[in-house]
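Everything numeric in this text was worked out from a predicted model, so none of it was measured. Proteins get letters first, then strands, A, B, ... in listed order; numbering begins at 1 in each.
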Number of protein chains: 2
Amino acid sequence: MKIIGIEHIGIAVKDLSKDAPFWSKVLGIDRSKTEDVDGQGVITDIYNTGRGKIELLLSKYPDSPIGKFIEKKGPGIHHVCLQVESIDDSIKALKENKIEIIGDTPTIGAEGFKVIFIHPRSAGGVLVELAERNDS
Amino acid sequence: MKIIGIEHIGIAVKDLSKDAPFWSKVLGIDRSKTEDVDGQGVITDIYNTGRGKIELLLSKYPDSPIGKFIEKKGPGIHHVCLQVESIDDSIKALKENKIEIIGDTPTIGAEGFKVIFIHPRSAGGVLVELAERNDS
(Lines give C-alpha, C1' and ligand atoms only; values in the text may rest on other atoms or scores of the structure.)
Protein backbone atom coordinates (compact mmCIF):
# COMPACT_ATOMS: atom_id res chain seq x y z
CA MET A 1 0.00 0.00 0.00
CA LYS A 2 1.11 3.55 -0.65
CA ILE A 3 0.97 5.99 2.30
CA ILE A 4 1.00 9.66 1.22
CA GLY A 5 1.33 11.25 4.66
CA ILE A 6 -0.33 12.09 7.96
CA GLU A 7 -3.72 13.51 6.97
CA HIS A 8 -4.85 14.47 10.47
CA ILE A 9 -4.88 13.70 14.14
CA GLY A 10 -8.32 13.19 15.66
CA ILE A 11 -8.81 14.65 19.13
CA ALA A 12 -11.87 13.90 21.27
CA VAL A 13 -13.15 17.06 22.97
CA LYS A 14 -15.92 17.66 25.49
CA ASP A 15 -16.63 21.26 24.67
CA LEU A 16 -15.58 23.03 21.46
CA SER A 17 -15.99 26.52 22.87
CA LYS A 18 -13.55 25.67 25.67
CA ASP A 19 -11.11 23.44 23.75
CA ALA A 20 -10.87 25.02 20.28
CA PRO A 21 -9.22 28.32 21.36
CA PHE A 22 -6.00 26.48 22.37
CA TRP A 23 -5.53 25.36 18.74
CA SER A 24 -6.94 28.44 17.02
CA LYS A 25 -5.85 31.31 19.27
CA VAL A 26 -2.88 30.13 21.35
CA LEU A 27 -1.20 28.05 18.62
CA GLY A 28 -2.71 30.21 15.88
CA ILE A 29 -3.61 27.37 13.48
CA ASP A 30 -6.16 28.36 10.80
CA ARG A 31 -9.59 26.77 11.01
CA SER A 32 -10.24 24.93 7.81
CA LYS A 33 -13.90 24.00 8.31
CA THR A 34 -16.51 22.65 10.69
CA GLU A 35 -18.51 19.67 9.49
CA ASP A 36 -21.35 17.50 10.76
CA VAL A 37 -20.38 13.86 10.05
CA ASP A 38 -23.59 12.23 11.20
CA GLY A 39 -22.52 8.75 10.07
CA GLN A 40 -19.86 8.82 12.78
CA GLY A 41 -21.98 10.79 15.25
CA VAL A 42 -19.57 13.72 15.43
CA ILE A 43 -19.06 17.38 14.69
CA THR A 44 -15.53 17.80 13.30
CA ASP A 45 -13.82 21.14 13.74
CA ILE A 46 -10.76 21.09 11.49
CA TYR A 47 -7.53 23.14 11.79
CA ASN A 48 -4.94 22.93 9.03
CA THR A 49 -1.29 23.33 10.05
CA GLY A 50 -0.30 23.26 6.38
CA ARG A 51 1.31 19.87 6.95
CA GLY A 52 -1.36 17.70 8.53
CA LYS A 53 -4.61 18.72 10.19
CA ILE A 54 -5.91 18.74 13.74
CA GLU A 55 -9.49 17.44 13.84
CA LEU A 56 -11.39 18.23 17.01
CA LEU A 57 -14.16 15.67 17.44
CA LEU A 58 -17.29 16.53 19.41
CA SER A 59 -19.74 13.70 20.06
CA LYS A 60 -23.33 14.29 18.95
CA TYR A 61 -24.74 11.33 20.90
CA PRO A 62 -23.62 9.69 24.18
CA ASP A 63 -23.28 6.30 22.48
CA SER A 64 -21.23 7.48 19.47
CA PRO A 65 -17.64 6.15 19.25
CA ILE A 66 -16.32 9.52 20.51
CA GLY A 67 -18.94 9.67 23.28
CA LYS A 68 -17.89 6.22 24.50
CA PHE A 69 -14.18 7.07 24.20
CA ILE A 70 -14.59 10.18 26.38
CA GLU A 71 -16.69 8.23 28.89
CA LYS A 72 -13.89 5.65 29.22
CA LYS A 73 -10.68 7.63 28.77
CA GLY A 74 -11.54 11.32 28.92
CA PRO A 75 -10.73 13.91 26.24
CA GLY A 76 -7.48 13.57 24.28
CA ILE A 77 -5.94 12.07 21.15
CA HIS A 78 -8.37 9.56 19.65
CA HIS A 79 -6.77 8.43 16.38
CA VAL A 80 -4.21 9.15 13.68
CA CYS A 81 -5.29 9.30 10.05
CA LEU A 82 -2.90 8.44 7.22
CA GLN A 83 -3.72 9.42 3.67
CA VAL A 84 -3.37 6.54 1.21
CA GLU A 85 -3.30 6.47 -2.56
CA SER A 86 -5.97 3.76 -2.81
CA ILE A 87 -8.30 2.63 -0.03
CA ASP A 88 -9.22 -0.56 -1.90
CA ASP A 89 -5.58 -1.60 -2.37
CA SER A 90 -4.95 -0.79 1.30
CA ILE A 91 -7.85 -2.92 2.54
CA LYS A 92 -6.62 -5.80 0.36
CA ALA A 93 -3.11 -5.51 1.86
CA LEU A 94 -4.50 -5.30 5.42
CA LYS A 95 -6.55 -8.45 4.90
CA GLU A 96 -3.56 -10.30 3.42
CA ASN A 97 -1.59 -9.34 6.52
CA LYS A 98 -4.43 -10.48 8.81
CA ILE A 99 -4.82 -6.96 10.21
CA GLU A 100 -8.19 -6.43 11.88
CA ILE A 101 -10.25 -3.67 10.28
CA ILE A 102 -13.47 -2.16 11.64
CA GLY A 103 -16.19 -2.85 9.10
CA ASP A 104 -15.53 -4.50 5.77
CA THR A 105 -15.88 -1.63 3.35
CA PRO A 106 -14.87 2.04 3.35
CA THR A 107 -17.28 4.70 4.57
CA ILE A 108 -17.35 8.41 3.77
CA GLY A 109 -15.65 10.47 6.49
CA ALA A 110 -15.04 14.18 6.98
CA GLU A 111 -14.22 16.18 3.86
CA GLY A 112 -15.58 13.37 1.67
CA PHE A 113 -12.58 11.07 2.18
CA LYS A 114 -13.14 7.32 1.73
CA VAL A 115 -12.02 5.90 5.06
CA ILE A 116 -11.47 2.68 6.97
CA PHE A 117 -10.33 2.16 10.57
CA ILE A 118 -7.75 -0.39 11.73
CA HIS A 119 -8.49 -1.92 15.14
CA PRO A 120 -6.02 -0.87 17.88
CA ARG A 121 -5.53 -4.59 18.63
CA SER A 122 -3.70 -4.87 15.29
CA ALA A 123 -1.72 -1.62 15.60
CA GLY A 124 -0.02 -1.61 19.01
CA GLY A 125 -2.88 0.13 20.79
CA VAL A 126 -3.30 2.88 18.17
CA LEU A 127 -6.58 3.53 16.36
CA VAL A 128 -5.39 4.13 12.78
CA GLU A 129 -7.63 5.58 10.08
CA LEU A 130 -6.69 5.25 6.42
CA ALA A 131 -8.21 7.80 4.03
CA GLU A 132 -8.30 8.24 0.28
CA ARG A 133 -9.13 11.64 -1.11
CA ASN A 134 -12.37 11.29 -3.03
CA ASP A 135 -12.37 13.75 -5.90
CA SER A 136 -14.96 11.92 -7.98
CA MET B 1 3.70 31.81 17.28
CA LYS B 2 4.24 30.27 13.87
CA ILE B 3 3.36 26.57 13.46
CA ILE B 4 5.02 24.93 10.43
CA GLY B 5 3.24 21.58 10.56
CA ILE B 6 2.84 18.24 12.29
CA GLU B 7 6.41 17.04 12.83
CA HIS B 8 5.54 13.63 14.27
CA ILE B 9 3.20 11.55 16.36
CA GLY B 10 4.84 9.83 19.34
CA ILE B 11 3.62 6.30 20.04
CA ALA B 12 4.52 4.41 23.23
CA VAL B 13 5.43 0.79 22.46
CA LYS B 14 6.25 -2.16 24.70
CA ASP B 15 8.32 -4.16 22.22
CA LEU B 16 9.85 -2.73 19.03
CA SER B 17 10.35 -6.11 17.40
CA LYS B 18 6.62 -6.84 17.75
CA ASP B 19 5.23 -3.33 17.11
CA ALA B 20 7.49 -1.86 14.41
CA PRO B 21 6.54 -4.29 11.60
CA PHE B 22 2.98 -2.89 11.46
CA TRP B 23 4.39 0.51 10.46
CA SER B 24 7.34 -0.68 8.37
CA LYS B 25 6.03 -3.82 6.69
CA VAL B 26 2.21 -3.65 6.67
CA LEU B 27 1.90 0.10 6.02
CA GLY B 28 5.27 0.19 4.23
CA ILE B 29 6.52 3.47 5.73
CA ASP B 30 10.29 3.98 5.40
CA ARG B 31 12.35 3.89 8.58
CA SER B 32 14.19 7.17 8.92
CA LYS B 33 16.44 6.37 11.89
CA THR B 34 16.67 4.82 15.34
CA GLU B 35 18.05 7.04 18.08
CA ASP B 36 18.86 6.76 21.77
CA VAL B 37 17.49 9.89 23.48
CA ASP B 38 18.82 9.23 26.95
CA GLY B 39 17.68 12.61 28.31
CA GLN B 40 14.09 11.41 27.85
CA GLY B 41 14.86 7.78 28.73
CA VAL B 42 13.74 6.43 25.36
CA ILE B 43 14.82 4.72 22.19
CA THR B 44 13.03 6.42 19.27
CA ASP B 45 12.43 4.44 16.11
CA ILE B 46 11.36 6.92 13.45
CA TYR B 47 9.30 6.30 10.28
CA ASN B 48 8.84 9.11 7.77
CA THR B 49 5.57 9.18 5.82
CA GLY B 50 6.92 12.08 3.76
CA ARG B 51 4.37 14.35 5.46
CA GLY B 52 4.90 13.89 9.19
CA LYS B 53 6.72 11.13 11.02
CA ILE B 54 5.67 8.25 13.24
CA GLU B 55 7.98 8.01 16.26
CA LEU B 56 7.84 4.72 18.13
CA LEU B 57 8.98 5.29 21.71
CA LEU B 58 10.50 2.47 23.73
CA SER B 59 11.19 3.15 27.40
CA LYS B 60 14.76 2.51 28.59
CA TYR B 61 13.87 2.67 32.29
CA PRO B 62 10.64 1.77 34.17
CA ASP B 63 10.40 5.28 35.64
CA SER B 64 10.89 7.20 32.37
CA PRO B 65 7.90 9.24 31.15
CA ILE B 66 7.11 6.53 28.55
CA GLY B 67 7.57 3.73 31.12
CA LYS B 68 5.08 5.44 33.44
CA PHE B 69 2.66 6.15 30.58
CA ILE B 70 2.59 2.46 29.55
CA GLU B 71 2.20 1.38 33.17
CA LYS B 72 -0.85 3.64 33.51
CA LYS B 73 -2.50 3.57 30.09
CA GLY B 74 -0.88 0.81 28.05
CA PRO B 75 0.78 1.24 24.65
CA GLY B 76 -0.68 3.77 22.18
CA ILE B 77 -0.48 7.38 21.05
CA HIS B 78 1.53 9.38 23.59
CA HIS B 79 1.86 12.87 22.09
CA VAL B 80 1.67 15.03 19.00
CA CYS B 81 4.64 17.19 17.99
CA LEU B 82 4.19 20.40 16.04
CA GLN B 83 7.15 22.03 14.34
CA VAL B 84 7.46 25.74 15.14
CA GLU B 85 9.57 28.44 13.57
CA SER B 86 10.97 29.63 16.92
CA ILE B 87 10.84 27.75 20.20
CA ASP B 88 11.71 30.88 22.19
CA ASP B 89 8.89 32.92 20.63
CA SER B 90 6.53 29.98 21.22
CA ILE B 91 7.42 29.69 24.91
CA LYS B 92 6.92 33.43 25.31
CA ALA B 93 3.46 33.20 23.72
CA LEU B 94 2.52 30.18 25.85
CA LYS B 95 3.49 32.01 29.03
CA GLU B 96 1.54 35.11 27.98
CA ASN B 97 -1.50 32.87 27.47
CA LYS B 98 -0.96 31.19 30.88
CA ILE B 99 -0.47 27.80 29.20
CA GLU B 100 1.30 25.33 31.50
CA ILE B 101 4.57 24.05 30.05
CA ILE B 102 6.69 21.20 31.41
CA GLY B 103 10.06 22.65 32.41
CA ASP B 104 10.98 26.26 31.83
CA THR B 105 13.46 26.00 28.98
CA PRO B 106 13.75 23.89 25.82
CA THR B 107 15.65 20.60 25.85
CA ILE B 108 17.23 18.72 22.95
CA GLY B 109 14.97 15.94 21.67
CA ALA B 110 15.25 13.35 18.89
CA GLU B 111 17.02 14.50 15.71
CA GLY B 112 18.49 17.48 17.56
CA PHE B 113 15.25 19.46 17.67
CA LYS B 114 14.87 22.07 20.44
CA VAL B 115 11.68 20.97 22.19
CA ILE B 116 9.24 21.89 24.92
CA PHE B 117 6.13 20.03 26.12
CA ILE B 118 2.76 21.61 26.93
CA HIS B 119 0.93 20.00 29.84
CA PRO B 120 -2.24 18.09 28.81
CA ARG B 121 -4.11 20.14 31.46
CA SER B 122 -3.66 23.18 29.21
CA ALA B 123 -4.43 21.40 25.92
CA GLY B 124 -7.69 19.50 26.36
CA GLY B 125 -6.03 16.29 27.53
CA VAL B 126 -3.42 16.22 24.73
CA LEU B 127 0.32 16.14 25.42
CA VAL B 128 1.66 18.59 22.82
CA GLU B 129 5.36 18.91 21.98
CA LEU B 130 6.64 21.97 20.13
CA ALA B 131 9.91 21.55 18.23
CA GLU B 132 12.26 23.88 16.40
CA ARG B 133 14.69 22.40 13.92
CA ASN B 134 18.18 23.06 15.23
CA ASP B 135 20.55 23.50 12.33
CA SER B 136 23.18 25.40 14.25
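- Annotation: the span from Lys114(A) atom NZ to Thr105(A) atom OG1 amounts to 11.5 Å, rounded to 0.5 Å.
- With 3.5 Å as the limit, one finds no donor-acceptor pair spanning the side chains of Asp88(B) and Ser86(B).
- Counting only heavy atoms from C-beta outward, the side chains of Met1(A) and Asp89(A) never approach each other to under 4.5 Å.
- Side-chain contact check for Ile108(A) versus Asn134(A): some heavy-atom pair is nearer than 4.5 Å.
- Side chain of Thr49(A) to main chain of Arg51(A): a donor-acceptor pair is present (N/O by atom type, distance under 3.5 Å, no hydrogens or angles).
- Of residues 27-35 of chain A, those residues with a non-hydrogen atom less than 4.5 Å from any non-hydrogen atom of chain B are, in numerical order, Leu27(A), Ile29(A).
- If you tally non-hydrogen atom pairs under 4.5 Å between each of Ile54(B), Ile9(B), Leu56(B) and chain A, the highest count goes to Ile9(B).
- For the atom pair CD1 (Ile116(A)) and CG (Asp104(A)), the distance works out to 7.5 Å, reported to the nearest 0.5 Å.
- The residues Glu111(A) and Lys53(A) are annotated as salt-bridged, a charged nitrogen and a carboxylate oxygen being separated by less than 4.0 angstrom.
- Looking only at side-chain heavy atoms (C-beta outward), Ile3(A) and Glu85(A) stay at 4.5 Å or farther from each other.
- Leu16(A) and Trp23(A) end up in the same hydrophobic cluster when Ile, Leu, Val, Met, Phe, Trp and Tyr side chains are linked at under 4.5 Å.
- Looking only at distances, a side-chain donor or acceptor of His119(A) sits under 3.5 Å from a matching main-chain atom of Arg121(A).
- Heavy atoms closer than 4.5 Å to chain B are found nowhere in Val84(A), neither backbone nor side chain.
- Residues Leu127(A) and Ile102(A) have side chains in contact (heavy-atom distance under 4.5 Å, counting atoms from C-beta outward).
- Contact residues of residues 61-83 of chain A toward chain B are Pro75(A), Gly76(A), Ile77(A), His79(A), Val80(A), Leu82(A), Gln83(A) (heavy-atom distance under 4.5 Å).
- Ranked by non-hydrogen atom pairs under 4.5 Å with chain A, the options Gly50(B), Ala12(B), Gly124(B) are led by Gly124(B).
- Proximity to chain B (any heavy atom under 4.5 Å) is shown, for Lys14(A), by neither the backbone nor the side chain.
- Residues Thr107(B) and Gln40(B) are in side-chain contact: their nearest non-hydrogen atoms beyond the backbone lie under 4.5 Å apart.
- Looking only at heavy-atom pairs under 4.5 Å with chain A, the residue among Ile6(B), Ile118(B), Val128(B) that has the most is Ile6(B).
- Using a distance-only test at 3.5 Å, with no hydrogens or angles considered, a donor-acceptor pair links the side chain of Glu132(B) to the main chain of Ile87(B).
- Looking only at side-chain heavy atoms (C-beta outward), Glu129(A) and His8(A) come within less than 4.5 Å of each other.
- For chain A, the option among Asp15(B), Leu94(B), Asn48(B), Val126(B) with the highest count of heavy-atom pairs below 4.5 Å is Val126(B).
- In this structure, no portion of Ser90(A) lies under 4.5 Å from any heavy atom of chain B.
- Proximity to chain B is absent for every atom of Ala93(A), based on heavy atoms less than 4.5 angstrom apart.
- Chain B forms more heavy-atom pairs under 4.5 Å with one residue of Leu130(A), Asn97(A), Val13(A) than with any other, namely Asn97(A).
- With a 4.5 Å cut-off on non-hydrogen atoms, Ile99(B) touches chain A through its side chain but not through its backbone.
- Residues Tyr47(A) and Ile43(A) are members of one and the same hydrophobic cluster, defined by side-chain heavy-atom contacts under 4.5 angstrom among Ile, Leu, Val, Met, Phe, Trp and Tyr.
- With a threshold of 4.5 angstrom between heavy atoms, Val26(B) approaches chain A through its backbone and through its side chain.
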